[in-house]
There are 2 protein chains.
Amino acid sequence: MVTLAEVARHAGVSASTVSYVLSGKRTISTPTRERVERSIRELGYHPNAGARALASSRSHIIALMMPLRTEMYLPVMMEIAIAVATTAREHAHDVLLLTGQEGPEAARRVVGSGLADAMILMDVELEDQRLPLVRETSRPSVLIGLPSDTTGLTCVDLDFAATGRLCVDHLARLGHRDLAVVGEAAAVYERRTGFAERTVRGVRERADELGLRVLHRPCDGSYESVAGTLARIFDERPGTTGLVVQNEAAIEPLLSLLRQQGRAVPEDVSVVAVCPEQVAAGTSVALTSVAIPAQQMGRLAVESVMAMARASAAGGDAEPVEPRVELLPPALTVRASTGPAPAARRAG
Amino acid sequence: MVTLAEVARHAGVSASTVSYVLSGKRTISTPTRERVERSIRELGYHPNAGARALASSRSHIIALMMPLRTEMYLPVMMEIAIAVATTAREHAHDVLLLTGQEGPEAARRVVGSGLADAMILMDVELEDQRLPLVRETSRPSVLIGLPSDTTGLTCVDLDFAATGRLCVDHLARLGHRDLAVVGEAAAVYERRTGFAERTVRGVRERADELGLRVLHRPCDGSYESVAGTLARIFDERPGTTGLVVQNEAAIEPLLSLLRQQGRAVPEDVSVVAVCPEQVAAGTSVALTSVAIPAQQMGRLAVESVMAMARASAAGGDAEPVEPRVELLPPALTVRASTGPAPAARRAG
DNA sequence: GTGAAAGCGCTAACAT
DNA sequence: ATGTTAGCGCTTTCAC
């Protein structure tokens, strides 16, 4: 194994010079730098991660915790993870993947051992088990999602309440008066993950303001479940013409079922989905949708956590980064699944 | 930060004793062990990862490389990643997530720096860029997938050739004579990832043996693409009654389109899918399928890599683990999407 | 069964 | 602009 000392000898300089060439923390004359860089290349030197972490007490590793409880939509998680890893590399950091089996202890272990110098937490619950640790640790941490009490926490998420309102606005403008929300599986609500509730709250809020009626039905992704949910909706409110769907798995079954029932989309029923762009664009009827900006969330989380790390590294010099909740504004893209409400309708 | 030395002082023993209590590498009297363990608990001690890695030259980290090129089915990747992380923890290891942007250099960096002491590579191509490194490094590495030359490599994958044969066997037994494979996107074949080809080869092989006819059409997951693919298949071979689908995204569109065209599944057309169990069970028609054992693959990969690590740690003592290709046998589950071939058929 | 001490390879004062 | 050097916290001989 090639060490820094060997590089130094080969280049005819001291160890610290090599170190400083690597870190750029002090000015090195061009000839020396070039000599060192050449030696590094020729010897195939790679700084030892452990030694570096020990000496500098910075591991250059960000821990990404995804508990992966039931019913989460894997592709979105994955997209976030990818964005996190990519962005981390842009900041010369690597990502350690922590899944849920270990429980909140994992975070404690990883932070306590200095394995990671920062943390990004996904799949945040309203009363998340990991919050005490996050609050007490000095390590920069960012949550992707919102707990019920965000005091002192830095969070990133889509503004789901605004998302709900936006969906209603769109449907209301098209003349729809009776709406229904096909939501996530009941387990998601029970787990109190927050985002599902926030959407529904946004929907209700704006619907009330505009005098629309709303039915909300949780629904797991299976074909039968979607069928049942739809049946109950149209049974209870035959005049329903606007559907807001927040459940990726339910989308295709839903479209398929509507078709079978002779309800044309968007002539008879308009559908707005809350889902990744990719999903919305690839369905049998291209969906009007509010995108879940997975990439953006991952990127922003890393960017925040790095800003915090920088600030705490600078000590009192830099202004400390205030904890803050960053809610991404939703954007609705109109596609083929929404249109004017049918003119003739029963009273519902 | 609590150090091992502080624990030692607190327990009234030497540093090495604490170290040995932690590692179990030498016998400690019960009273001392208990005293040390108590001190550890009381002080909230966590061994420093960097120091440990430096002293022992083992980081207890496995790098998981997933290049994530176009058109890969994210949920399967994710499932593998989760299984890898879970299994790694059972072996007291953590997982470092490497994505593709950095290219093969990432592997070199991570291994060269001692950041990871083992590697698991996903999304392996036939002539994978990372193979030279894998072959030259002494670090235990396992590929999930098969390159064209597996000499000296340890690989884990589903036996896709056997999968193809199994699908044909099933359809043949039901009396189908004209089959079609709805494959992955053309990009997947061009990228020479191997698995898609292997399935088709298996299908062709067995079909030839049994005197069946096979059409193979790549297909991306979009609704239009599936529509086009189906049209071409039934145009060219109107007598086609058996479909093998290896493309998760294409499944729902396909079922939906068949329904629209008045082709009943399985009365008119039988469909066998190669996809995760979860997908097969959740579709509008429950699919007869060969499962992609993502969890098993992830677990097996970690288990192999750990076995190799153990062997090389033991030096000459243990018998070295021979590199080997482990192909998981496919299992076909019969569900609702396959049935006897319709009796009356045109010659095609 | 336990201790003492020599590193592991790097960083960051402190020098000049 | 560069060199010297004292650790960082742990593992692991070697010694008893």
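Letters A, B, ... are given to chains in the order of the sequence lines, protein chains preceding strands, and every chain is numbered from 1. These figures come from a predicted structure and were not determined experimentally. As a basis for the values below, the full set of heavy atoms in this structure was taken, side chains included, without hydrogen atoms, waters or symmetry mates.
An OP1 or OP2 oxygen of C/dT2 is reached within less than 4.0 angstrom by no side-chain nitrogen or oxygen of B/Ser14. In this model, the phosphate group of C/dT2 is not approached by any side-chain N or O of B/Thr17 to a distance below 4.0 Å at OP1 or OP2. B/Ser29 has no side-chain polar atom (N or O) that falls below the 4.0 Å cut-off from OP1 or OP2 of C/dG1.
Whole-Å rounding puts the A/Glu34 CD to D/dA1 C1' distance at 15 Å. In this structure, A/Ile28 places its CD1 atom 11 Å from C1' of D/dG3, rounding to the nearest Å. B/His60 places its NE2 atom 11 Å from the C1' atom of D/dT11, with the value rounded to the nearest Å.
Annotation: side chain of A/Ile61 is not in contact with side chain of A/His93 (no heavy-atom distance under 4.5 Å). Between A/Val36 and A/Arg33 there is no side-chain heavy-atom pair separated by less than 4.5 Å. In this structure, the side chains of B/Leu68 and B/Leu74 come closer than 4.5 Å at one or more pairs of heavy atoms.
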Item checked: Derivation of the side-chain hydrogen bond (donor to acceptor under 3.5 Å, both in side chains) call for B/Thr17 and B/Ser14 -> CA-CA 5 Å; B/Thr17 299; B/Ser14 73; 3.2 Å; yes
Next item on the list: Decide side chain to side chain contact (heavy atoms under 4.5 Å, CB included) for A/Val124 and A/Arg130; before the verdict, give the C-alpha distance in whole Å, the side-chain angles of both, and the deciding distance to 0.1 Å.
Entry: CA-CA 9 Å; A/Val124 175; A/Arg130 302 164 293 182; 4.2 Å; yes
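Pairing each heavy atom of A/Ala81 with each of A/Met66, the nearest pair is CB-CE, 3.5 Å.
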Check: With the sugar-phosphate defined as primed atoms, P, OP1 and OP2, and the base as all remaining atoms, what B/S/- string results for nucleotides 9-16 of chain C, 5' to 3', for protein heavy atoms under 4.0 Å?
Finding: BBSBBB--
